Participant: 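My questions all concern the structure below.
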Amino acid sequence: MAHLKMLDSMTYAEFKATLAQPAPPSSVHELLVALWYDANDDWEQAHEVAQSNEGSKNYDQLHAYLHRKEGDNWNARYWYTRAKSSVFVGSLADEWEMLVKQFLTL
């Protein structure tokens, strides 16, 4: 039972530790699963999640980040606009961390 409680209130450090596992944790929001895939060099899988709920602010923010990471700045700006969010100023690592922390609260 304690294990389930930990998953319900996973911290950033705990989520980051899952990156060494062979698969994403099963008890987290799919947006976190997408960021897990992204961190494990599976951009396509992460992008599929972003596309799965277009029009939702969090999914559009993820979409923007992924296109920024891809180097497609025009497309990234489009998705930041759809998310009603400013273009992230900072490193990709900083944006990934910010998104993980944001999505951990979902």
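For clarity, every value in this text was computed on a predicted model and none was experimentally measured.
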Participant: Just to verify, what does Lys57 make a salt bridge (Lys or Arg N to Asp or Glu O under 4.0 Å) with, not counting sequence neighbours?
Facilitator: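 Expected list: none.
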Participant: When rounded to the nearest 0.5 angstrom, what is the spacing between NE2 in His47 and CG in Asp42?
Facilitator: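 That separation rounds to 12.5 Å.
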Participant: Side chains of Asp94 and Phe88: does their closest heavy-atom pair fall under 4.5 Å?
Facilitator: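 Yes, at least one pair of side-chain atoms sits under 4.5 Å.
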Participant: For a 4.5 angstrom cut-off between non-hydrogen side-chain atoms, does Arg82 reach His63?
Facilitator: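 Contact flag for Arg82/His63 side chains = no.
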Participant: Are more than 12 heavy atoms from other residues, nucleotides or ligands located less than 6.0 Å from atom NZ of Lys69?
Facilitator: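 More than 12 within 6.0 Å, yes.
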Participant: Show your working on side-chain contact (heavy atoms from CB on, under 4.5 Å) between Tyr78 and His67 and close with a plain yes or no.
Facilitator: CA-CA 10 Å; Tyr78 170 80; His67 282 294; over 6 Å; no
Participant: Return the minimal non-hydrogen interatomic distance between Ala34 and Ala46, and the atom names on each side.
Facilitator: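 The answer is O-CB, 3.2 Å.
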Participant: Give me the atom names and distance for the closest heavy-atom approach of Asp60 to Gly55.
Facilitator: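 For Asp60 and Gly55, the tightest heavy-atom pair comes out as OD1-N, 3.1 Å.
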Participant: What's the spacing between Gln102 CD and His29 NE2 if we round to 0.5 Å?
Facilitator: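 Between atom CD of Gln102 and atom NE2 of His29 there are 11.0 Å.
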Participant: Are Trp79 and Leu92 connected, step by step, through hydrophobic side chains (Ile, Leu, Val, Met, Phe, Trp, Tyr) whose heavy atoms are closer than 4.5 Å?
Facilitator: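 No: no chain of side-chain contacts under 4.5 Å links Trp79 to Leu92.
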Participant: Rounded to the nearest 0.5 Å, what separation is found between the CD atom of Glu30 and the CG atom of Asn58?
Facilitator: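 One gets 11.0 Å once the value is rounded to the nearest 0.5 Å.
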Participant: Please round to the nearest 0.5 Å and tell me the distance separating atom OH of Tyr59 and atom CZ of Phe103.
Facilitator: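 Rounded to the nearest 0.5 Å, the OH-CZ separation comes out at 8.5 Å.
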Participant: Trp43 and Leu66: which non-hydrogen atoms are nearest, and at how many Å?
Facilitator: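 Taking Trp43 first and Leu66 second, the nearest heavy atoms are NE1-O, 2.9 Å.
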Participant: If you define the side chain from C-beta out and look only at heavy atoms, does anything of Glu14 sit under 4.5 Å from Pro25?
Facilitator: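 No, side chains not in contact.
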Participant: Please report the shortest heavy-atom distance between Arg68 and Ser91, naming the atom on each side.
Facilitator: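 Between these two residues, the closest heavy atoms are NH1-O, 3.8 Å.
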Participant: As a quick check of understanding, evaluate side-chain contact (heavy atoms from CB on, under 4.5 Å) for Tyr37 and Val49, giving each step before the final call.
Facilitator: CA-CA 10 Å; Tyr37 280 118; Val49 173; 5.6 Å; no
Participant: With the 4.5 Å side-chain cut-off for hydrophobic clustering, are Val89 and Leu99 part of the same group?
Facilitator: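 Result: no, two separate clusters.
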Participant: So Asp38 and Tyr65, do their side chains get closer than 4.5 Å, heavy atoms only?
Facilitator: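 Sidechains of Asp38 and Tyr65: in contact.
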Participant: Could you list all the salt bridge (Lys or Arg N to Asp or Glu O under 4.0 Å) pairs where at least one residue sits in residues 97-106, not counting sequence neighbours?
Facilitator: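 For residues 97-106, and leaving out neighbouring residues, the salt bridge (Lys or Arg N to Asp or Glu O under 4.0 Å) pairs sorted by first residue read Glu97-Lys101.
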Participant: According to a hydrophobic-cluster definition based on side-chain heavy atoms being under 4.5 Å apart (Ile, Leu, Val, Met, Phe, Trp, Tyr only), do Leu106 and Val33 belong together?
Facilitator: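 Yes, because Leu106 and Val33 connect within a single hydrophobic cluster, where side-chain heavy atoms sit under 4.5 Å apart.
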Participant: Search all heavy atoms of Tyr80 against all heavy atoms of Ser86 and return the closest pair with its distance.
Facilitator: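 Shortest heavy-atom separation between Tyr80 and Ser86 comes out as CD2-O, 3.5 Å.
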Participant: Report yes if some heavy atom in the side chain of Leu104 is under 4.5 Å from a heavy atom in the side chain of Thr11; otherwise report no.
Facilitator: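 Contact flag for Leu104/Thr11 side chains = no.
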Participant: Does Ser56 offer a backbone N or O that forms a donor-acceptor pair with the side chain of Asn53 under 3.5 Å?
Facilitator: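 Side chain of Asn53 to backbone of Ser56: no pair is present.
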